[in-house]
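Below is one structure, written out as structure tokens; comments come after it.
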Amino acid sequence: MSPSSQLADLLSGPVVVLTGAGVSAESGVPTFRGSGGLWRSYRATDLATPTAFARDPRLVWKFYSWRRELVAACRPNPAHKTLAQMERRLPDFTLITQNVDGLHQAAGSQRVVELHGSLWRVRCTRCSYQAEDRRVPLPQLPPRCPRCEGLLRPDVVWFGEALPQGVLEQAWAAAGRASVMLVVGTSAVVEPAASLPRLAKARGAYLIEINPEETPLSPYADEVIREPAGQALPAWWQQINLSSSQSVL
Ligand code: NAD
Ligand code: ZN
């Protein structure tokens with residue numbers, strides 16, 4: 001059996017994909033650690049924090065308003081589309097993303113575990129109000145809660161904050177039973193997401209990394225594809241399909 005037909009067999013078991021900012025880079029969404037990680041003179045990683053929001057909510061909202069505008073003009077790329085196809089074709093598939101841009105859903109993915117929330121949701125800092133809000137631009141910055149007039153914040157997980165209840169458990173459970181784990185476009189340094197591939201590997205998953213650059217995860221991967229995801233992922237998926245019996249995939 002060829003290596004890719006062996007992999008096709010593994011793909012009939014639980015498949016888990018973890019994506020990071022790199023999967024959206026070719027759609028034009030800047031990563032935080034790359035050259036696009038600056039807004040005005042601020043480092044994005046300094047603004048995406050509870051401390052920054054407490055100090056200056058309007059500034060942080062201006063940053064998010066800019067990101068929402070930027071992402072609204074971006075389209076899913078072939079990597080997002082391939083992952084949506086994988087969801088449709090594989091019997092047991094979980095997509096976990098650290099991204100907040102909504103591009104997986106725009107590509108057609110139906111079930112996305114969003115570890116870090118979404119740019120397209122807001123929630124109240126005072127009451128339990130939470131809602132989708134896709135307006136670009138927002139009419140008022142910072143936006144106010146329609147229920148209690150409290151300050152709204154983006155429903156994203158900032159650096160230093162805990163992940164939403166339930167979401168992490170879901171991700172751990174999926175990673176712990178994966179037969180294949182694909183890690184696409186993440187630097188694998190932001191915890192706890194970075195631990196998911198390590199858990200999968202420790203439980204015996206076949207680990208594949210797609211990233212043009214080396215990451216702390218690279219030494220543990222069974223297969224490393226050092227190419228941009230928009231090219232590498234469709235090519236990899238096509239290769240699997242060519243070498244597999246039609247009945248499996
Ligand atoms: P990250 O830590 O996931 O790093 C980006 C990774 O993508 C790097 O390892 C880089 O080598 C790789 N990469 C770059 N271009 C690529 C390509 N074309 N194909 C495949 N890989 C590529 O992300 P970060 O930017 O450091 O952000 C940290 C956190 O901030 C994220 O976990 C997320 O919550 C948030 N964030 C989200 C978005 C988004 O929603 N698109 C963008 C920026 C940051
Ligand atoms: Zn409220």
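Here, residue 1 is the first one in the sequence, and each next residue gets the next number. Here the structure is a predicted model, which is why all the values come from computation and not from measurement. Basis for what follows: all heavy atoms, side chains included, without hydrogens, waters or symmetry-related copies. All ligand and atom numbering here is 1-based and tracks the order in the structure.
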Subject >> V29 contact mode with ligand 1 (heavy-atom cut-off under 4.0 Å) >> reply: side chain

Original post:
Which residue supplies the protein heavy atom nearest to atom 26 (O) of ligand 1, what is that atom called, and how far is it?
Top reply: R33 NH1, 2.2 Å

Subject >> Check ion pair R67-D101 (N to O, under 4.0 angstrom) >> reply: no

Subject >> Distance filter under 4.0 Å to E26 heavy atoms, resulting ligand 1 atoms >> reply: 17 (C), 18 (N), 19 (N)

Original post:
Of the backbone atoms (N, CA, C, O) and the side-chain heavy atoms from C-beta on, which set of P30 has a member under 4.0 Å from an atom of ligand 1: side chain, backbone, both, or neither?
Top reply: backbone

Subject >> ligand 1 N/O within reach of V100 N/O, cut-off under 3.5 Å >> reply: yes

Subject >> From A21, G22, A44 - option closest to atom 7 (O) of ligand 1 by heavy atom >> reply: G22

Subject >> Passing candidate, side chain to side chain contact (heavy atoms under 4.5 Å, CB included) with L115, options T97, N99, L196, V157 >> reply: L196

Original post:
Is there any N or O on A188 that sits under 3.5 Å from an N or O of ligand 1?
Top reply: no

Subject >> Steps toward side chain to side chain donor-acceptor pair (under 3.5 Å) verdict (T19, Q98) >> reply: CA-CA 6 Å; T19 63; Q98 298 168 84; over 6 Å; no

Subject >> S218-R226 side chain donor-acceptor pair, cut-off 3.5 Å >> reply: yes

Original post:
Side chains of S24 and H104: is there a donor and an acceptor less than 3.5 Å apart?
Top reply: no

Original post:
Is R68 salt-bridged to D133, cutoff N-O under 4.0 Å?
Top reply: yes

**OP:** Provide the number and element of each atom of ligand 1 under 4.0 Å from a heavy atom of A229.
**Re:** 17 (C), 18 (N), 19 (N), 20 (C)

**OP:** Please confirm whether E227 comes within less than 3.5 Å of ligand 1 when only nitrogen or oxygen atoms on both sides are compared.
**Re:** no

Original post:
What is the nearest protein non-hydrogen atom to atom 41 (N) of ligand 1, stated with its residue, atom name and distance?
Top reply: D101 OD2, 2.7 Å

**OP:** Have a look at the Zn ion (ligand 2) and estimate, to 10 degrees, the angle subtended by SG (C127) and SG (C148).
**Re:** 120°

Original post:
Side chain, backbone, both or neither: which part of H116 has a heavy atom under 4.0 Å from ligand 1?
Top reply: side chain

Subject >> Residues E69 and R135 bridged, charged N to O under 4.0 Å >> reply: no

Original post:
Can Q6 and Y206 be counted as having a side-chain donor-acceptor contact under 3.5 angstrom?
Top reply: no

**OP:** Count the heavy atoms belonging to other residues, nucleotides or ligands that lie under 6.0 Å from CD of Q238, then report whether that count exceeds 12.
**Re:** no

Original post:
Ion pair present between E26 and R75, side-chain N to carboxylate O less than 4.0 angstrom?
Top reply: no

Subject >> ligand 1 atoms in contact with P228 (distance to a heavy atom under 4.0 Å) >> reply: 17 (C), 18 (N), 19 (N)

**OP:** Using a 4.0 Å heavy-atom threshold (strictly under), name the region of R67 that reaches ligand 1: side chain, backbone, both or neither.
**Re:** side chain

**OP:** Test F53 against every option in F63, F159, W158, Y64 by the ring pair (Phe, Tyr, Trp, His ring centres under 6.0 Å) rule and name the one that passes.
**Re:** W158

Original post:
Which ligand 1 atoms, with their elements, are less than 4.0 angstrom from a heavy-atom of A25?
Top reply: 15 (N)

Original post:
Would you find more than 12 non-hydrogen atoms of other residues, nucleotides or ligands less than 6.0 Å from E191 atom CD?
Top reply: yes

**OP:** Considering only non-hydrogen protein atoms, determine which one is nearest to atom 33 (C) of ligand 1 and report residue, atom name and distance to 0.1 Å.
**Re:** Q98 O, 3.0 Å

**OP:** Look only at interatomic distance and state if F32 has a nitrogen or oxygen under 3.5 Å from any nitrogen or oxygen of ligand 1.
**Re:** yes

**OP:** Quick one: the SG of C145, the Zn ion (ligand 2), SG of C124 angle, rounded to 10°, please.
**Re:** 110°

Original post:
Which atoms of ligand 1 are found less than 4.0 Å from any heavy atom of G185?
Top reply: 3 (O), 5 (C), 6 (C), 7 (O), 20 (C), 21 (N)

Subject >> Test of proximity, P212 against ligand 1: N or O pairs below 3.5 Å >> reply: no

**OP:** Starting from atom 8 (C) of ligand 1, locate the nearest protein heavy atom and write down its residue, its atom name and how far away it is, to 0.1 Å.
**Re:** N211 ND2, 3.8 Å

